[in-house]
Amino acid sequence: MATPNITHGFRALTHASRYRLSPLRVDVALAVGVTAVAVWGCYSESNPSSQALRGIDGHAVTPAPVWAYLLVAGAGLGLVWRRRHPRAVLVAALAGVLAFNALGYVGNAALVIPPIALYAVALTVPVRQSVALGAVTLLTLGTIIVVSPFNSFGGSDTALCALAVVAVLGGIASANRRDYLAALRARSELVARTQEEEIRRTVDAERLRIARELHDVVAHTMSTINVQAGVASYVTSDLPPTAAEALRAIKTASKDGLRELRAILAVLRQADDPESNQPQPGLARLDPLVAGVSAAGLPTRIVSTGHPRPLAPAVDLAAYRIVQESLTNAIRHAGPATAVVRISYNRSDVRLCITDTGRGPSATYPLTGHGLIGMRERAAAAGGSLTAGPAGNGGFEVNVLLPMEPE
C-alpha cells in the first residue's frame with residue numbers, strides 16, 4: 001500500500017525541483033563566495049591594521065603581493081568543477097593553499113578551501129578512496145601548519161583537522177543517502193511499470209475471454225435463429241406477405257449479425273487466449289444444449305461410456321465449448337443430417353467425438369476459420385488436442401482428447 005505514496009512523493013519532489021537552482025549555478029556561487037572570503041581573509045592577515053598584529057611569534061608579517069593571492073583564488077575558484085572532477089579540484093586546492101603558506105605569507109583563511117573540496121570528493125568516490133584522500137588532506141594541512149612560521153598547533157588547528165574529518169564523514173553519509181533515494185526511486189519506477197504491465201495483461205486476457213465467449217454463445221444462438229428462419233420460410237408456402245417478409249428480414253439480419261460478429265472477433269483476437277478458470281458451463285449441461293440443437297433441425301443424441309467424473313473447471317468448460325461449436329458448425333454446414341456426441345471417460349482423460357451425417361467438408365463446410373481455431377486453442381490450453389476432418393460415413397467428425405486435470 002506504500003508504493004503509490006512513494007511514487008507520488010517522487011513526483012512531487014521532481015515538480016518542486018524545477019524551481020531550484022541548477023547544480024552548476026550552485027557550484028559557481030559557492031566557489032565565488034568561498035574565494036572572496038578566503039582572498040579577503042588572507043589580505044587582511046597579510047596587511048594587519050594594528051601594529052601589534054604585524055608580528056606573530058617573533059616573525060614579521062610580510063604583505064603578500066597581488067600575484068600571490070592568485071594562488072588562493074585559483075584554489076577557491078576550482079570548486080566550480082568539484083562535481084565533475086573532485087580529485088583534481090582537491091589537488092588544486094591543496095597545492096594553492098600549500099604554496100601560498102610556503103612562500104611565507106599568512107594564509108589561515110585559505111585553509112577552509114581544502115575541507116570543502118574534500119567533502120565533494122567523499123560525495124562522489126568510493127568510501128576507501130574517500131578515507132585515503134582524507135588522510136592525504138590531513139597530512140597536507142599538518143604540513144602547512146608545521147612549515148608556516150605563523151602557525152603552531154592549537155585549538156584552531158585542531159578544529160581545522162576535525163573539520164576535515166567531518167567533511168569525509170559527511171560526504172560518505174550524503175552519498176549513502178543519495179544512493180538510497182536513487183534505489184528507492186528506481187524501485188518505485190519498477191513497481192509502476194510492473195503494475196502497468198499487469199494491468200495491460202489483465203485487459204488483454206479479459207478482451208480475449210470476451211472474444212471467445214462472444215463467439216461461442218452469440219454465434220451459436222444467431223446461427224440457430226438463421227437456420228430456423230430459413231426453414232420456416234421454405235416449408236411454409238402460404239404465409240401472408242407480411243409474415244414472409246418478416247422471416248426474410250430475420251434471416252438477413254441474423255446473417256449480417258454473424259458477419260459483423262466475426263469481424264469483431266478478428267479484431268479482439270490478438271494473442272494466445274489463456275484459459276479461464278472461472279466456473280462456467282460444463283458437460284453436465286449438454287442436455288439443454290442438445291435439445292436446442294435438435295429443435296433447430298439437427299437431431300442429436302449423447303452417448304456416454306465409462307464412469308462420469310467431475311472434471312477440472314478449465315477442462316469442463318473447454319469440453320462444453322468444443323461440443324457447442326461443433327454442433328453449431330453442423331447446423332450451419334451439414335444440411336439435413338443427424339449428429340452424435342460420444343463422451344468416453346477414461347482413467348486419466350476424457351475423449352469427445354462429435355460426428356454428423358451431413359455433406360462433410362465442402363465449399364460450405366470450411367476446415368479453417370475462427371471456429372476450428374478456437375476449438376484447437378481451447379483443447380491446447382487445457383493440455384489436450386483436437387483433430388477435425390471427414391467422417392467415414394461421409395459426414396464430419398471432431399475428435400478431442402482432454403486430460404482430467406489441465407496441464
Value for CD1 (I354) from CG (L327), rounded to nearest 0.5 Å, stands at 7.0 Å
If every non-hydrogen atom of W67 is compared with every non-hydrogen atom of P65, which pair is closest and at what distance?
-> NE1-CG, 3.1 Å
Walk me through it: do V26 and R83 pass the test side-chain contact (heavy atoms from CB on, under 4.5 Å)?
-> CA-CA 11 Å; V26 172; R83 298 179 192 269; 4.3 Å; yes
Between CD1 on residue I113 and CG on residue L118, distance to nearest 0.5 Å | 13.5 Å
Taking D356 for its side chain and F396 for its backbone only, find out whether a donor-acceptor pair lies under 3.5 Å.
-> yes
Closest approach of M404 and V315, non-hydrogen atoms and distance?
-> O-CG2, 4.0 Å
pair R378-L386: side-chain heavy atoms closer than 4.5 Å | no
Check T124 against A120 and note the closest heavy-atom contact, atom names and distance.
-> OG1-O, 3.0 Å
Apply the side chain to side chain contact (heavy atoms under 4.5 Å, CB included) test between L311 and each candidate in D316, L402, D349; give the one that qualifies.
-> D316
Would V136 and L90 count as a side-chain contact (heavy atoms from CB on, under 4.5 Å) if you check the C-alpha gap in whole Å, the side-chain angles of each, and the deciding distance to 0.1 Å?
-> CA-CA 10 Å; V136 172; L90 177 61; over 6 Å; no
side-chain contact (heavy atoms from CB on, under 4.5 Å) between M375 and V400: does it pass, once the steps are laid out?
-> CA-CA 9 Å; M375 289 193 293; V400 187; over 6 Å; no
Atom pair CG (N329) and CD (Q324), whose distance is rounded to the nearest 0.5 Å = 10.5 Å
Which heavy atom of T35 sits nearest a heavy atom of A73, and at what distance?
-> CG2-CA, 3.7 Å
Interatomic distance, L138 atom CG to L133 atom CG [nearest 0.5 angstrom] = 11.5 Å
Would you indicate whether the side-chain heavy atoms of L286 and I343 approach each other to under 4.5 Å?
-> yes
Report, one line per pair, each donor and acceptor closer than 3.5 Å where one atom sits in a side chain of residues 75-82; sequence neighbours left out.
residue : atom : partner : partner atom : Å
R82     : NE   : D27     : OD1          : 3.1
R82     : NH2  : D27     : OD1          : 3.1

Show me the side-chain donor-acceptor pairs of residues 159-180 shorter than 3.5 Å, one per line, residues at least two apart or across chains.
residue : atom : partner : partner atom : Å
S174    : OG   : Y119    : OH           : 3.0
S174    : OG   : G170    : O            : 3.0
N176    : ND2  : I172    : O            : 3.3
R178    : NH1  : L123    : O            : 3.1
R178    : NH2  : L123    : O            : 3.1

Between A337 and P299, what is the shortest heavy-atom contact and its length?
-> O-CD, 3.3 Å
Atom CD of E325 and atom OG1 of T328: how far apart are they, to the nearest 0.5 Å?
-> 5.5 Å
Closest approach of L352 to A319 (non-hydrogen atoms, all atoms of both residues) = CD1-CB, 3.7 Å
Neighbour count >12 (heavy atoms, 6.0 Å) for atom CZ, R347 | no
Take H85 and V91 through the side-chain contact (heavy atoms from CB on, under 4.5 Å) test and state the conclusion after the steps.
-> CA-CA 10 Å; H85 308 287; V91 171; over 6 Å; no
Check: S294 side chain, T300 main-chain N or O, donor-acceptor pair, under 3.5 Å | yes
At what distance, to the nearest 0.5 angstrom, does CD1 of I302 lie from CG of L289?
-> 8.0 Å
